[in-house]
Protein chains: 2
Amino acid sequence: MATQQRRERERAQRETLIVNAARDMAEADGWSSVTIRRLAERIEYSQPVLYSHFAGRGAIVDAVALQGIAELTEVFKAARAGAEPGGELAAVVGAYLDFATANPALFEAIFTLAEGLPFGVDAPEVLKAAFAELYAVFAPLAGERDPDAFTEVGWAAIHGLAVLGSGGRLRPDLLEQRLAILVGQFVKG
Amino acid sequence: MATQQRRERERAQRETLIVNAARDMAEADGWSSVTIRRLAERIEYSQPVLYSHFAGRGAIVDAVALQGIAELTEVFKAARAGAEPGGELAAVVGAYLDFATANPALFEAIFTLAEGLPFGVDAPEVLKAAFAELYAVFAPLAGERDPDAFTEVGWAAIHGLAVLGSGGRLRPDLLEQRLAILVGQFVKG
DNA sequence: TCGATTGTCTAGCGGTGCTAGGATTGTGAT
DNA sequence: ATCACAATCCTAGCACCGCTAGACAATCGA
């Protein structure tokens, strides 16, 4: 009876333990070092236990990605709230880039590793919330253009900077200028 | 004497055979299915032969990526040449997105898998040529802003669309609108 | 024709994701 | 308090991975 609930609680606890361990290891030594064996040793259980929580390694990465998306949404909220009027866009863009450089493995999980996350119509709530934050910033600037499409373009622009930047494909000394150009490109037009 | 040259010729031939096989397999069944074993079987040699050509699996991916960058540059050239005056930007953007959707595995090799390619100062010639093509399109629109930074921002915007789009993270029905918005955003500002 | 060199292969090492089947633990009823 | 049962966990192992050492065969220069 009540033990049932305790069991579930412990299970949930262990699940977050796994996700956190995976994230820590990935951030420390890269995702390739996050193996089921090492993960099992880290949480002090045998490998099959992990498979009683997740369908496989990919599902663990997805869980980390989902957690990261939730955090990203919070970062957006904070950036928007702390920005002076008119500076919301710059604040969110800066927050996005900072998030990507501060948590490269998490960012990688979200945007290049996660494969089991549904998008489009039946996307998880947390993902829609993240897009909504961007929408709140970009849609007012859309003018007579479709606000959804406009937001997507804005998102893509930021995301491109984040991806190419973290891949070492952009000149580091131009970082500030890129940010200024991007913001100027969207507030004017 | 002459046999030496024949040997080198055969060696080079086999090298391109490996690269092409890797690319084909990746494009057919994804990069995860491109293993040294399967690659060796495909080219009808044993595994160690591959290691006499490349330092490891990663180097093969890098070689495919390099080949892809060269092709991308040609695509840029063709798009720019075939565009009517003033439409170069739209042509190049469209070409970029088409390239990404037509060769997803190649695109992945270039931008997310390749790790041994040097960037910045001592980047391979073919990589600089690709950037130069983008520069030719974006720099004239930079105005009083730094043309390099401006090009990087433009590149990032396109790239973001390509990455998020191929990852299924953007609404397919808004593709045309996104393209129009992006182009408008850069020709006006 | 014979040694040396070059090229290629077989076999195997440590590691991976994942799973079947047995041992062990804790539960609820008698 | 004891016992049958159910849930839980672990040991052991499969097929595959990237990569490499060492044996073998083929080709070359003398």
Side-chain angles (χ1 to χ4, degrees), chain A residues 1-19 21-23 25-26 28-65 105 108-109 112-116, chain B residues 1-19 21-23 25-26 28-65 105 108-109 112-116:
Chain A
M1 356 188 72
T3 68
Q4 200 77 2
Q5 294 183 3
R6 192 210 61 207
R7 287 254 169 101
E8 285 185 21
R9 209 169 48 233
E10 287 177 349
R11 239 190 106 73
Q13 215 166 313
R14 199 170 53 181
E15 191 151 317
T16 71
L17 181 67
I18 295 173
V19 173
R23 177 176 170 175
M25 290 169 61
D29 302 309
W31 275 107
S32 68
S33 82
V34 180
T35 71
I36 298 294
R37 278 173 170 80
R38 276 203 269 265
L39 217 37
E41 191 178 15
R42 162 89 164 242
I43 67 169
E44 296 179 323
Y45 281 95
S46 62
Q47 294 102 312
V49 169
L50 298 175
Y51 291 92
S52 75
H53 285 273
F54 299 95
R57 186 183 183 276
I60 298 177
V61 177
D62 291 351
V64 172
E108 190 183 359
T112 79
L113 263 34
E115 297 195 338
Chain B
M1 355 190 71
T3 66
Q4 199 77 1
Q5 295 183 2
R6 192 208 63 206
R7 287 255 169 98
E8 283 185 23
R9 210 169 48 234
E10 287 176 350
R11 238 189 107 74
Q13 213 167 313
R14 199 169 52 180
E15 191 150 319
T16 70
L17 181 68
I18 295 172
V19 174
R23 177 176 171 174
M25 290 169 61
D29 302 309
W31 275 108
S32 68
S33 81
V34 180
T35 71
I36 299 294
R37 281 173 167 80
R38 276 203 269 265
L39 216 37
E41 192 178 14
R42 162 89 164 243
I43 66 169
E44 295 179 326
Y45 282 95
S46 63
Q47 295 102 314
V49 170
L50 298 176
Y51 291 91
S52 75
H53 285 272
F54 299 95
R57 186 182 182 276
I60 298 177
V61 177
D62 290 351
V64 173
E108 190 183 358
T112 80
L113 263 34
E115 297 196 339

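Note that these values count all heavy atoms, side chains included, but never hydrogens, waters or copies made by symmetry. Sequence lines set the chain letters: A, B, ... in the order given, protein chains first and strands last, and positions in each chain run from 1.
- In this structure, Arg38(A) and Ala55(A) both approach DNA chain C, and ranking their closest nucleotides by distance from the 5' end singles out Arg38(A).
- Rounded to an integer number of Å, the gap from CD of Glu115(B) to C1' of dG18(D) is 15 Å.
- Here the side chains of Val61(B) and Phe54(B) are not in contact, with every heavy-atom distance at 4.5 Å or above.
- Computed from coordinates, the Arg57(A) CZ to dG17(C) P distance equals 6 Å when rounded to whole Å.
- Residues Met25(A) and Asp29(A) are not in side-chain contact: their nearest non-hydrogen atoms beyond the backbone lie 4.5 Å or more apart.
- A straight line from CD of Glu10(B) to P of dG7(C) spans 11 Å, rounded to a whole angstrom.
- Remark: P of dG18(D) and CG of Leu50(B) are 10 Å apart, rounded to the nearest angstrom.
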A correct 5'-to-3' footprint of nucleotides 8-15 of chain D, with B, S and - meaning base, sugar-phosphate only and no protein heavy atom under 4.0 Å, is SSBB-B--
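- Across the protein-nucleic acid pair, Leu39(B) atom CG and dC16(D) atom C1' stand 16 Å apart, rounded to whole Å.
- Rounded to whole Å, atom P of dC19(D) lies 4 Å from atom OH of Tyr51(B).
- The salt bridge (charged side-chain N to carboxylate O under 4.0 Å, His left out) contacts involving residues 51-64 of chain B comprise nothing, where partners must be two or more places apart or lie in separate chains.
- Contact detail for Ala63(A) and Val19(A): the closest heavy-atom pair is CB-CG2, 3.9 Å.
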Output a table of donor-acceptor pairs, distance under 3.5 Å, between side-chain atoms of residues 39-47 of chain A and any protein atom two or more places apart or on a different chain; print 'none' if there are none.
unit_1, atom_1, unit_2, atom_2, d
Arg42(A), NH2, Asp24(A), OD2, 3.4

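- In this structure, the CD atom of Glu41(A) is 12 Å from the P atom of dG15(C), given to the nearest Å.
- Side-chain contact check for Trp31(A) versus Val64(A): some heavy-atom pair is nearer than 4.5 Å.
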